Number of protein chains: 2
Amino acid sequence: MGSTQGRRERLRAETTAEIKQVALKLMATGGPDAITLRAIAREMGMTANAIYGYFATRDELVTTLINEVYTALADAVDAAWAESSAAGPADRIRTWARAFRVWALANPEGFRLIYGDPVPGYQAPEGGPAPDAAYRVCTGIAALADTAWPHVGHSHAASDFQWSDFDDGLLGKVRPAFPGLPPAGLALALRIWARLHGLVSLEIYGHLRGQTVSPDKLFEEELVQLVRSLGIRT
Amino acid sequence: MGSTQGRRERLRAETTAEIKQVALKLMATGGPDAITLRAIAREMGMTANAIYGYFATRDELVTTLINEVYTALADAVDAAWAESSAAGPADRIRTWARAFRVWALANPEGFRLIYGDPVPGYQAPEGGPAPDAAYRVCTGIAALADTAWPHVGHSHAASDFQWSDFDDGLLGKVRPAFPGLPPAGLALALRIWARLHGLVSLEIYGHLRGQTVSPDKLFEEELVQLVRSLGIRT
DNA sequence: GAGGAGACTATACGGCGTGAAGTTTTTATA
DNA sequence: TATAAAAACTTCACGCCGTATAGTCTCCTC
(Lines give C-alpha, C1' and ligand atoms only; values in the text may rest on other atoms or scores of the structure.)
Protein backbone atom coordinates (compact mmCIF):
# COMPACT_ATOMS: atom_id res chain seq x y z
CA MET A 1 0.00 0.00 0.00
CA GLY A 2 1.57 3.35 0.75
CA SER A 3 5.08 4.42 -0.06
CA THR A 4 8.32 3.20 1.38
CA GLN A 5 7.91 2.19 4.99
CA GLY A 6 4.13 2.19 4.92
CA ARG A 7 1.41 4.48 5.98
CA ARG A 8 1.98 4.23 9.71
CA GLU A 9 4.77 6.73 9.47
CA ARG A 10 2.80 8.95 7.16
CA LEU A 11 -0.01 9.22 9.66
CA ARG A 12 2.52 9.86 12.34
CA ALA A 13 4.09 12.68 10.35
CA GLU A 14 0.67 14.16 9.67
CA THR A 15 -0.25 14.13 13.32
CA THR A 16 3.06 15.70 14.24
CA ALA A 17 2.46 18.42 11.68
CA GLU A 18 -1.05 18.99 12.99
CA ILE A 19 0.19 19.37 16.54
CA LYS A 20 2.66 22.02 15.47
CA GLN A 21 0.10 23.76 13.33
CA VAL A 22 -2.50 23.86 16.09
CA ALA A 23 0.15 25.11 18.50
CA LEU A 24 1.05 27.94 16.13
CA LYS A 25 -2.62 28.79 15.71
CA LEU A 26 -3.10 28.92 19.46
CA MET A 27 -0.03 31.12 19.75
CA ALA A 28 -1.31 33.49 17.10
CA THR A 29 -4.67 33.64 18.82
CA GLY A 30 -3.82 33.87 22.49
CA GLY A 31 -0.12 34.57 22.62
CA PRO A 32 2.69 32.22 23.54
CA ASP A 33 1.04 31.51 26.86
CA ALA A 34 -1.74 29.74 25.03
CA ILE A 35 0.60 26.98 23.96
CA THR A 36 -0.40 24.25 26.37
CA LEU A 37 -0.44 20.55 25.70
CA ARG A 38 -3.95 20.29 27.04
CA ALA A 39 -5.26 23.07 24.81
CA ILE A 40 -3.65 21.54 21.76
CA ALA A 41 -5.06 18.14 22.61
CA ARG A 42 -8.49 19.63 23.24
CA GLU A 43 -8.39 21.29 19.85
CA MET A 44 -7.46 18.00 18.22
CA GLY A 45 -9.94 15.84 20.09
CA MET A 46 -7.21 13.98 21.87
CA THR A 47 -5.87 13.56 25.36
CA ALA A 48 -2.98 15.71 26.46
CA ASN A 49 -0.90 12.63 27.15
CA ALA A 50 -1.26 11.48 23.57
CA ILE A 51 1.07 14.31 22.56
CA TYR A 52 3.82 12.63 24.51
CA GLY A 53 3.95 10.08 21.74
CA TYR A 54 5.17 12.83 19.44
CA PHE A 55 7.12 15.15 21.69
CA ALA A 56 8.95 14.01 24.78
CA THR A 57 8.03 17.12 26.66
CA ARG A 58 6.33 20.45 26.25
CA ASP A 59 9.64 22.22 26.00
CA GLU A 60 10.64 19.97 23.12
CA LEU A 61 7.48 21.04 21.32
CA VAL A 62 8.26 24.67 21.99
CA THR A 63 11.80 24.20 20.74
CA THR A 64 10.45 22.71 17.55
CA LEU A 65 8.09 25.64 17.17
CA ILE A 66 10.90 28.10 17.69
CA ASN A 67 12.81 26.35 14.94
CA GLU A 68 9.80 26.51 12.68
CA VAL A 69 9.14 30.18 13.31
CA TYR A 70 12.80 31.09 13.18
CA THR A 71 12.99 29.41 9.79
CA ALA A 72 10.07 31.48 8.57
CA LEU A 73 11.90 34.62 9.63
CA ALA A 74 15.06 33.43 7.89
CA ASP A 75 13.04 32.74 4.74
CA ALA A 76 11.58 36.23 4.82
CA VAL A 77 14.85 38.10 5.16
CA ASP A 78 16.68 35.77 2.78
CA ALA A 79 14.03 36.37 0.14
CA ALA A 80 14.34 40.12 0.56
CA TRP A 81 18.08 39.83 0.32
CA ALA A 82 17.94 37.76 -2.83
CA GLU A 83 15.46 40.12 -4.48
CA SER A 84 17.71 43.11 -3.86
CA SER A 85 20.81 41.47 -5.27
CA ALA A 86 21.07 44.05 -8.03
CA ALA A 87 20.91 47.02 -5.70
CA GLY A 88 23.72 48.90 -4.01
CA PRO A 89 24.85 48.17 -0.45
CA ALA A 90 22.78 50.93 1.15
CA ASP A 91 19.61 49.78 -0.57
CA ARG A 92 20.28 46.14 0.23
CA ILE A 93 20.75 46.91 3.89
CA ARG A 94 17.56 48.93 3.97
CA THR A 95 15.65 46.20 2.18
CA TRP A 96 16.87 43.52 4.57
CA ALA A 97 16.06 45.69 7.57
CA ARG A 98 12.57 46.46 6.35
CA ALA A 99 11.91 42.79 5.68
CA PHE A 100 13.02 42.02 9.22
CA ARG A 101 10.70 44.59 10.73
CA VAL A 102 7.77 43.72 8.49
CA TRP A 103 8.04 40.06 9.41
CA ALA A 104 8.26 40.91 13.09
CA LEU A 105 5.21 43.15 12.97
CA ALA A 106 3.29 40.48 11.09
CA ASN A 107 4.37 37.80 13.55
CA PRO A 108 4.77 39.50 16.90
CA GLU A 109 4.16 36.31 18.84
CA GLY A 110 6.78 34.57 16.74
CA PHE A 111 9.23 37.38 17.42
CA ARG A 112 8.64 37.01 21.14
CA LEU A 113 9.06 33.28 20.83
CA ILE A 114 12.44 33.67 19.17
CA TYR A 115 13.91 36.64 20.94
CA GLY A 116 12.10 36.92 24.24
CA ASP A 117 11.05 34.67 27.05
CA PRO A 118 9.11 32.25 24.91
CA VAL A 119 6.60 30.50 27.08
CA PRO A 120 5.97 30.31 30.83
CA GLY A 121 8.56 27.97 32.25
CA TYR A 122 10.42 27.18 29.06
CA GLN A 123 14.01 26.08 29.40
CA ALA A 124 15.90 25.51 26.19
CA PRO A 125 17.17 21.93 26.04
CA GLU A 126 20.82 21.05 25.49
CA GLY A 127 22.55 23.12 22.85
CA GLY A 128 19.76 25.62 22.67
CA PRO A 129 17.04 25.71 20.06
CA ALA A 130 17.02 26.50 16.41
CA PRO A 131 20.69 26.18 15.45
CA ASP A 132 19.86 25.91 11.76
CA ALA A 133 17.62 28.92 11.49
CA ALA A 134 19.82 30.92 13.83
CA TYR A 135 22.71 30.08 11.55
CA ARG A 136 20.80 31.37 8.57
CA VAL A 137 19.83 34.67 10.21
CA CYS A 138 23.38 34.98 11.44
CA THR A 139 24.59 34.49 7.91
CA GLY A 140 22.17 37.20 6.88
CA ILE A 141 23.56 39.83 9.19
CA ALA A 142 27.10 38.82 8.25
CA ALA A 143 26.12 39.29 4.62
CA LEU A 144 24.88 42.77 5.47
CA ALA A 145 28.22 43.70 6.93
CA ASP A 146 30.09 41.96 4.13
CA THR A 147 28.20 43.93 1.52
CA ALA A 148 28.76 47.18 3.30
CA TRP A 149 32.36 46.56 4.27
CA PRO A 150 34.16 47.62 1.09
CA HIS A 151 32.26 50.90 1.13
CA VAL A 152 32.34 51.55 4.83
CA GLY A 153 34.00 54.58 6.35
CA HIS A 154 37.40 54.15 7.93
CA SER A 155 36.19 54.72 11.49
CA HIS A 156 34.51 51.34 11.52
CA ALA A 157 37.52 49.60 10.11
CA ALA A 158 39.69 51.23 12.74
CA SER A 159 38.15 49.40 15.68
CA ASP A 160 40.53 46.86 17.14
CA PHE A 161 38.66 43.57 17.25
CA GLN A 162 40.48 40.26 17.04
CA TRP A 163 39.34 36.90 15.82
CA SER A 164 39.63 35.78 19.42
CA ASP A 165 36.85 38.19 20.35
CA PHE A 166 34.36 35.93 18.61
CA ASP A 167 33.03 32.55 19.55
CA ASP A 168 33.53 29.45 17.53
CA GLY A 169 29.76 29.13 17.67
CA LEU A 170 27.48 30.73 15.16
CA LEU A 171 29.69 33.49 13.82
CA GLY A 172 32.62 31.10 13.76
CA LYS A 173 30.73 28.84 11.40
CA VAL A 174 29.52 31.76 9.33
CA ARG A 175 32.92 33.32 9.00
CA PRO A 176 34.33 31.13 6.19
CA ALA A 177 31.50 32.24 3.95
CA PHE A 178 32.79 35.80 4.09
CA PRO A 179 36.56 35.67 3.70
CA GLY A 180 36.77 39.38 3.05
CA LEU A 181 35.23 40.29 6.42
CA PRO A 182 37.74 41.06 9.17
CA PRO A 183 36.97 40.93 12.91
CA ALA A 184 35.88 44.54 12.89
CA GLY A 185 33.41 43.59 10.19
CA LEU A 186 31.88 40.90 12.36
CA ALA A 187 31.55 43.43 15.14
CA LEU A 188 29.86 45.75 12.70
CA ALA A 189 27.43 42.98 11.75
CA LEU A 190 26.46 42.48 15.38
CA ARG A 191 26.05 46.19 15.91
CA ILE A 192 23.86 46.64 12.86
CA TRP A 193 21.76 43.72 14.02
CA ALA A 194 21.47 45.22 17.49
CA ARG A 195 20.32 48.57 16.12
CA LEU A 196 17.56 46.96 14.15
CA HIS A 197 16.66 44.60 16.94
CA GLY A 198 16.47 47.43 19.42
CA LEU A 199 13.94 49.48 17.54
CA VAL A 200 11.87 46.50 16.44
CA SER A 201 11.75 44.88 19.86
CA LEU A 202 10.77 48.12 21.54
CA GLU A 203 7.96 48.35 19.03
CA ILE A 204 6.87 44.72 19.37
CA TYR A 205 6.83 44.86 23.15
CA GLY A 206 4.82 48.04 23.10
CA HIS A 207 7.39 50.35 24.60
CA LEU A 208 7.06 52.76 21.70
CA ARG A 209 3.37 53.11 22.33
CA GLY A 210 2.90 56.19 24.44
CA GLN A 211 5.97 57.63 22.81
CA THR A 212 5.46 58.02 19.11
CA VAL A 213 2.54 57.52 16.81
CA SER A 214 4.71 56.81 13.81
CA PRO A 215 7.14 53.99 14.41
CA ASP A 216 7.45 53.61 10.63
CA LYS A 217 8.90 57.06 10.32
CA LEU A 218 11.21 56.45 13.23
CA PHE A 219 12.44 53.23 11.68
CA GLU A 220 13.02 54.86 8.31
CA GLU A 221 14.93 57.67 9.97
CA GLU A 222 17.04 55.11 11.77
CA LEU A 223 17.80 53.44 8.45
CA VAL A 224 18.83 56.77 6.96
CA GLN A 225 21.16 57.41 9.87
CA LEU A 226 22.42 53.84 9.89
CA VAL A 227 23.48 54.00 6.28
CA ARG A 228 24.86 57.43 6.84
CA SER A 229 26.85 56.41 9.90
CA LEU A 230 28.35 53.56 7.92
CA GLY A 231 29.85 56.16 5.70
CA ILE A 232 28.80 54.36 2.54
CA ARG A 233 29.31 56.62 -0.45
CA THR A 234 26.46 55.90 -2.79
CA MET B 1 1.08 52.67 70.50
CA GLY B 2 3.00 53.71 67.47
CA SER B 3 2.82 56.87 65.52
CA THR B 4 -0.10 58.43 63.75
CA GLN B 5 -2.76 55.89 62.83
CA GLY B 6 -1.41 53.13 65.08
CA ARG B 7 0.65 50.05 64.67
CA ARG B 8 -1.89 47.98 62.76
CA GLU B 9 -1.01 49.86 59.64
CA ARG B 10 2.64 49.63 60.37
CA LEU B 11 2.43 45.85 60.54
CA ARG B 12 0.45 45.90 57.37
CA ALA B 13 3.07 47.97 55.61
CA GLU B 14 5.81 45.68 56.86
CA THR B 15 4.03 42.60 55.58
CA THR B 16 3.44 44.28 52.25
CA ALA B 17 7.11 45.11 52.03
CA GLU B 18 8.08 41.57 52.98
CA ILE B 19 5.86 40.13 50.26
CA LYS B 20 7.51 42.31 47.67
CA GLN B 21 10.95 41.57 49.01
CA VAL B 22 10.38 37.82 49.02
CA ALA B 23 8.97 38.03 45.50
CA LEU B 24 12.07 39.88 44.31
CA LYS B 25 14.29 37.30 46.01
CA LEU B 26 12.41 34.48 44.32
CA MET B 27 12.74 36.27 41.00
CA ALA B 28 16.47 36.74 41.47
CA THR B 29 16.81 33.08 42.38
CA GLY B 30 14.61 31.29 39.93
CA GLY B 31 13.70 33.86 37.33
CA PRO B 32 10.41 35.68 36.87
CA ASP B 33 8.60 32.36 36.61
CA ALA B 34 9.34 31.72 40.24
CA ILE B 35 7.05 34.57 41.29
CA THR B 36 4.04 32.63 42.45
CA LEU B 37 1.73 33.53 45.27
CA ARG B 38 2.05 30.07 46.72
CA ALA B 39 5.85 30.16 46.72
CA ILE B 40 5.87 33.57 48.36
CA ALA B 41 3.40 32.42 50.99
CA ARG B 42 5.41 29.24 51.60
CA GLU B 43 8.52 31.31 52.12
CA MET B 44 6.68 33.51 54.59
CA GLY B 45 4.94 30.71 56.47
CA MET B 46 1.56 31.85 55.30
CA THR B 47 -1.23 30.65 53.13
CA ALA B 48 -1.33 31.80 49.54
CA ASN B 49 -4.73 33.32 50.13
CA ALA B 50 -3.36 35.57 52.85
CA ILE B 51 -1.60 37.56 50.15
CA TYR B 52 -4.96 38.55 48.77
CA GLY B 53 -5.29 40.79 51.76
CA TYR B 54 -2.41 42.85 50.39
CA PHE B 55 -2.73 42.51 46.64
CA ALA B 56 -6.00 42.01 44.85
CA THR B 57 -4.45 39.67 42.34
CA ARG B 58 -1.15 38.21 41.28
CA ASP B 59 -0.91 40.63 38.38
CA GLU B 60 -1.28 43.55 40.76
CA LEU B 61 1.67 42.22 42.71
CA VAL B 62 3.68 41.87 39.52
CA THR B 63 2.74 45.39 38.47
CA THR B 64 3.97 46.67 41.81
CA LEU B 65 7.19 44.75 41.38
CA ILE B 66 7.68 46.17 37.92
CA ASN B 67 7.27 49.63 39.38
CA GLU B 68 9.74 48.86 42.10
CA VAL B 69 12.35 47.45 39.72
CA TYR B 70 11.77 50.15 37.16
CA THR B 71 12.36 52.73 39.85
CA ALA B 72 15.63 51.05 40.75
CA LEU B 73 16.71 51.30 37.12
CA ALA B 74 15.68 54.94 37.01
CA ASP B 75 17.65 55.59 40.18
CA ALA B 76 20.73 53.98 38.68
CA VAL B 77 20.75 55.95 35.45
CA ASP B 78 19.70 59.18 37.14
CA ALA B 79 22.57 58.84 39.58
CA ALA B 80 25.02 58.29 36.75
CA TRP B 81 23.60 61.28 34.95
CA ALA B 82 23.89 63.50 37.99
CA GLU B 83 27.44 62.44 38.67
CA SER B 84 28.52 63.28 35.15
CA SER B 85 26.97 66.75 35.17
CA ALA B 86 30.33 68.39 34.73
CA ALA B 87 31.31 66.34 31.70
CA GLY B 88 30.76 67.08 28.04
CA PRO B 89 27.79 65.71 26.08
CA ALA B 90 29.70 62.73 24.64
CA ASP B 91 30.95 61.65 28.04
CA ARG B 92 27.56 62.13 29.65
CA ILE B 93 25.90 59.98 27.03
CA ARG B 94 28.49 57.27 27.46
CA THR B 95 28.15 57.40 31.22
CA TRP B 96 24.39 57.09 31.08
CA ALA B 97 24.59 54.23 28.61
CA ARG B 98 27.11 52.33 30.69
CA ALA B 99 24.99 52.76 33.79
CA PHE B 100 22.02 51.40 31.87
CA ARG B 101 23.92 48.32 30.75
CA VAL B 102 25.60 47.73 34.10
CA TRP B 103 22.27 47.84 35.86
CA ALA B 104 20.74 45.47 33.32
CA LEU B 105 23.57 42.97 33.63
CA ALA B 106 23.34 43.14 37.41
CA ASN B 107 19.57 42.71 37.31
CA PRO B 108 18.81 40.57 34.27
CA GLU B 109 15.55 39.29 35.73
CA GLY B 110 14.50 42.83 36.45
CA PHE B 111 15.31 43.85 32.91
CA ARG B 112 13.17 41.01 31.59
CA LEU B 113 10.42 42.03 33.96
CA ILE B 114 10.43 45.59 32.65
CA TYR B 115 11.11 45.12 28.97
CA GLY B 116 10.09 41.57 28.14
CA ASP B 117 7.23 39.27 28.80
CA PRO B 118 7.34 39.53 32.55
CA VAL B 119 5.70 36.49 34.04
CA PRO B 120 3.63 33.62 32.64
CA GLY B 121 0.16 34.94 32.05
CA TYR B 122 0.74 38.51 33.12
CA GLN B 123 -1.56 41.12 31.66
CA ALA B 124 -0.84 44.69 32.59
CA PRO B 125 -3.87 46.24 34.30
CA GLU B 126 -5.51 49.42 33.07
CA GLY B 127 -3.11 52.14 32.08
CA GLY B 128 -0.16 49.81 32.12
CA PRO B 129 2.37 49.50 34.88
CA ALA B 130 5.02 51.80 36.20
CA PRO B 131 3.98 55.17 34.80
CA ASP B 132 6.18 57.02 37.27
CA ALA B 133 9.37 55.12 36.71
CA ALA B 134 8.74 54.97 32.97
CA TYR B 135 8.36 58.71 33.05
CA ARG B 136 11.70 59.07 34.79
CA VAL B 137 13.55 56.81 32.35
CA CYS B 138 11.82 58.61 29.52
CA THR B 139 13.02 61.89 30.93
CA GLY B 140 16.47 60.39 31.06
CA ILE B 141 16.62 59.57 27.38
CA ALA B 142 15.15 62.94 26.52
CA ALA B 143 17.88 64.53 28.61
CA LEU B 144 20.44 62.58 26.60
CA ALA B 145 19.11 63.99 23.38
CA ASP B 146 18.72 67.45 24.88
CA THR B 147 22.32 67.50 25.99
CA ALA B 148 23.56 66.31 22.63
CA TRP B 149 21.25 68.43 20.54
CA PRO B 150 23.17 71.72 20.42
CA HIS B 151 26.28 69.84 19.33
CA VAL B 152 24.64 67.40 17.00
CA GLY B 153 25.45 67.20 13.31
CA HIS B 154 23.01 68.79 10.89
CA SER B 155 21.90 65.47 9.39
CA HIS B 156 19.95 64.66 12.52
CA ALA B 157 18.39 68.05 12.66
CA ALA B 158 17.34 67.73 9.05
CA SER B 159 14.85 64.89 9.63
CA ASP B 160 11.30 66.08 9.23
CA PHE B 161 9.47 65.04 12.38
CA GLN B 162 6.47 66.99 13.61
CA TRP B 163 5.06 67.40 17.07
CA SER B 164 2.12 65.41 15.81
CA ASP B 165 4.36 62.40 15.35
CA PHE B 166 4.56 62.01 19.10
CA ASP B 167 2.00 60.87 21.58
CA ASP B 168 0.65 62.97 24.35
CA GLY B 169 1.68 60.12 26.61
CA LEU B 170 5.10 59.83 28.11
CA LEU B 171 7.09 61.98 25.74
CA GLY B 172 4.31 64.51 25.69
CA LYS B 173 4.66 64.97 29.42
CA VAL B 174 8.43 65.01 29.23
CA ARG B 175 8.54 67.57 26.47
CA PRO B 176 7.99 70.74 28.53
CA ALA B 177 11.10 69.93 30.54
CA PHE B 178 13.20 70.32 27.40
CA PRO B 179 11.97 73.40 25.58
CA GLY B 180 15.03 73.47 23.34
CA LEU B 181 14.35 70.02 21.94
CA PRO B 182 12.46 69.98 18.62
CA PRO B 183 10.54 66.98 17.24
CA ALA B 184 13.64 65.68 15.50
CA GLY B 185 15.34 65.74 18.88
CA LEU B 186 12.65 63.56 20.40
CA ALA B 187 13.09 61.14 17.54
CA LEU B 188 16.80 61.16 18.19
CA ALA B 189 16.14 60.36 21.84
CA LEU B 190 14.08 57.33 20.89
CA ARG B 191 16.68 56.15 18.43
CA ILE B 192 19.53 56.46 20.91
CA TRP B 193 17.45 54.55 23.41
CA ALA B 194 16.73 51.85 20.84
CA ARG B 195 20.40 51.43 19.98
CA LEU B 196 21.31 50.88 23.61
CA HIS B 197 18.29 48.71 24.24
CA GLY B 198 19.09 46.55 21.24
CA LEU B 199 22.57 45.63 22.28
CA VAL B 200 21.71 45.21 25.94
CA SER B 201 18.63 43.12 25.35
CA LEU B 202 20.45 40.84 22.92
CA GLU B 203 23.04 40.36 25.62
CA ILE B 204 20.54 39.84 28.43
CA TYR B 205 18.53 37.32 26.46
CA GLY B 206 21.65 35.39 25.55
CA HIS B 207 21.59 36.04 21.83
CA LEU B 208 25.13 37.35 21.91
CA ARG B 209 26.37 34.12 23.43
CA GLY B 210 27.62 31.97 20.62
CA GLN B 211 28.50 35.15 18.80
CA THR B 212 31.05 37.12 20.70
CA VAL B 213 33.04 36.53 23.82
CA SER B 214 33.43 40.21 24.57
CA PRO B 215 30.11 42.02 24.74
CA ASP B 216 31.84 44.76 26.72
CA LYS B 217 34.07 45.58 23.82
CA LEU B 218 31.15 45.47 21.45
CA PHE B 219 29.19 47.85 23.63
CA GLU B 220 32.10 50.25 23.94
CA GLU B 221 32.55 50.21 20.18
CA GLU B 222 28.88 50.95 19.77
CA LEU B 223 29.24 53.91 22.11
CA VAL B 224 32.18 55.20 20.11
CA GLN B 225 30.19 54.95 16.91
CA LEU B 226 27.06 56.36 18.52
CA VAL B 227 28.82 59.49 19.65
CA ARG B 228 30.58 59.69 16.32
CA SER B 229 27.37 59.32 14.34
CA LEU B 230 25.83 62.11 16.37
CA GLY B 231 28.48 64.34 14.93
CA ILE B 232 29.32 65.86 18.29
CA ARG B 233 32.50 67.88 18.07
CA THR B 234 34.30 67.37 21.30
C1' DG C 1 -16.93 42.91 78.13
C1' DA C 2 -19.41 43.03 73.71
C1' DG C 3 -19.12 44.13 68.96
C1' DG C 4 -16.80 44.61 64.88
C1' DA C 5 -13.03 44.92 61.80
C1' DG C 6 -9.04 42.99 59.96
C1' DA C 7 -5.82 39.00 59.25
C1' DC C 8 -5.57 34.69 58.29
C1' DT C 9 -6.88 29.50 57.29
C1' DA C 10 -9.61 25.65 55.18
C1' DT C 11 -11.64 23.86 51.42
C1' DA C 12 -12.57 23.71 46.73
C1' DC C 13 -12.49 24.33 41.55
C1' DG C 14 -10.41 24.29 37.21
C1' DG C 15 -6.15 24.37 34.57
C1' DC C 16 -1.39 23.11 33.96
C1' DG C 17 2.77 19.37 32.87
C1' DT C 18 3.70 14.79 33.39
C1' DG C 19 4.31 9.85 35.15
C1' DA C 20 2.41 4.96 35.41
C1' DA C 21 -0.62 1.64 33.97
C1' DG C 22 -4.06 -0.10 31.06
C1' DT C 23 -6.65 -0.56 26.55
C1' DT C 24 -7.34 -0.60 21.77
C1' DT C 25 -5.75 -0.66 17.12
C1' DT C 26 -2.46 -1.73 13.65
C1' DT C 27 1.40 -4.19 11.82
C1' DA C 28 4.58 -8.02 11.22
C1' DT C 29 5.53 -12.59 11.59
C1' DA C 30 4.96 -17.86 12.06
C1' DT D 1 -4.65 -16.61 8.74
C1' DA D 2 -3.76 -16.73 13.69
C1' DT D 3 -0.90 -14.61 16.97
C1' DA D 4 2.49 -11.85 19.10
C1' DA D 5 4.58 -7.46 19.23
C1' DA D 6 4.48 -2.69 18.78
C1' DA D 7 2.41 1.58 18.43
C1' DA D 8 -1.38 4.88 19.60
C1' DC D 9 -4.14 6.40 22.75
C1' DT D 10 -6.92 6.74 27.30
C1' DT D 11 -7.52 6.70 32.30
C1' DC D 12 -6.06 7.86 36.63
C1' DA D 13 -3.08 10.16 39.58
C1' DC D 14 0.13 13.71 41.60
C1' DG D 15 1.70 18.14 42.60
C1' DC D 16 1.86 22.68 40.96
C1' DC D 17 -0.66 27.10 39.91
C1' DG D 18 -4.39 31.35 40.67
C1' DT D 19 -8.34 32.32 43.02
C1' DA D 20 -13.29 32.24 44.97
C1' DT D 21 -16.01 31.30 49.23
C1' DA D 22 -16.67 30.59 53.80
C1' DG D 23 -15.12 30.25 58.27
C1' DT D 24 -11.97 31.30 62.39
C1' DC D 25 -9.20 33.87 65.39
C1' DT D 26 -7.28 38.10 67.33
C1' DC D 27 -7.14 42.57 68.54
C1' DC D 28 -8.99 47.31 68.95
C1' DT D 29 -12.69 50.23 70.29
C1' DC D 30 -16.66 51.74 72.71
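Here the structure is a predicted model, which means the values were calculated and not measured. Just so it is clear: chains get the letters A, B, ... in the order the sequence lines come, proteins before strands, and each one is counted from 1.
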Note to self: Looking only at the aromatic ring of each residue, does the gap between the centers of B:Tyr205 and A:His197 stay below 6.0 angstrom?
What the structure shows: no
Next item on the list: Round to a whole Å and report the spacing from CG of A:Leu11 to P of D:dC9.
Entry: 9 Å
Margin query: Please compare B:Ala48 and A:Thr36 by the position of their nearest nucleotide in DNA chain C and report the one closer to 5'.
Written below: B:Ala48
Note to self: Between the side chains of B:Arg209 and B:Glu203, is the shortest nitrogen-to-carboxylate-oxygen separation below 4.0 Å, so that they form an ion pair?
What the structure shows: no
Note to self: Tell me the interatomic distance from B:Glu14, atom CD, to C:dC8, atom C1', rounded to whole angstroms.
What the structure shows: 17 Å
Every protein N/O within reach of nucleotides 11-14 of chain C N/O, cut-off under 3.5 Å:
{"from": "C:dT11", "atom 1": "O4", "to": "B:Asn49", "atom 2": "ND2", "distance (Å)": "3.3"}

Next item on the list: Decide, yes or no, whether a salt bridge links A:Lys217 with A:Glu221 under the criterion of side-chain N to carboxylate O below 4.0 Å.
Entry: no
Distance-only criterion, 3.5 Å: show the donor-acceptor pairs between side-chain atoms of residues 46-57 of chain B and protein atoms not counting sequence neighbours.
none

Item checked: side-chain N/O A:Thr57 vs C:dT18 OP1/OP2, d < 4.0 Å -> yes
Note to self: Please report the distance, rounded to the nearest Å, between OH in B:Tyr52 and C1' in C:dT9.
What the structure shows: 15 Å
Notebook entry, point to check: Rounded to whole angstroms, how far apart are CZ on A:Arg10 and P on D:dA7?
Noted result: 18 Å
Next item on the list: Would you mind reading off the distance between B:Met46 atom CE and C:dT9 atom P, rounded to a whole angstrom?
Entry: 6 Å
Margin query: Tell me which one of B:Ile192, B:Leu196, B:Leu190 satisfies side-chain contact (heavy atoms from CB on, under 4.5 Å) with B:Ile141.
Written below: B:Leu190
Check: Given atom CD of A:Glu43 and atom P of C:dC16, what is their separation to the nearest angstrom?
Finding: 12 Å
Item checked: Phosphate OP1/OP2 of C:dC8 contacted by B:Arg12 side-chain N/O (<4.0 Å) -> no
Check: Which residues pass the side chain to side chain donor-acceptor pair (under 3.5 Å) test with B:Asp75, sequence neighbours left out?
Finding: B:Arg136
Check: A:Phe55 CZ to C:dT18 C1': how many Å, rounded?
Finding: 16 Å
Item checked: Cationic N near anionic O, under 4.0 Å, A:Asp216 to A:Arg101 -> yes
Check: Any side-chain N or O of B:Tyr54 under 4.0 Å from OP1/OP2 of C:dC8?
Finding: yes
Notebook entry, point to check: Which whole-number value in Å describes the distance from B:Asp59 CG to D:dG18 P?
Noted result: 10 Å
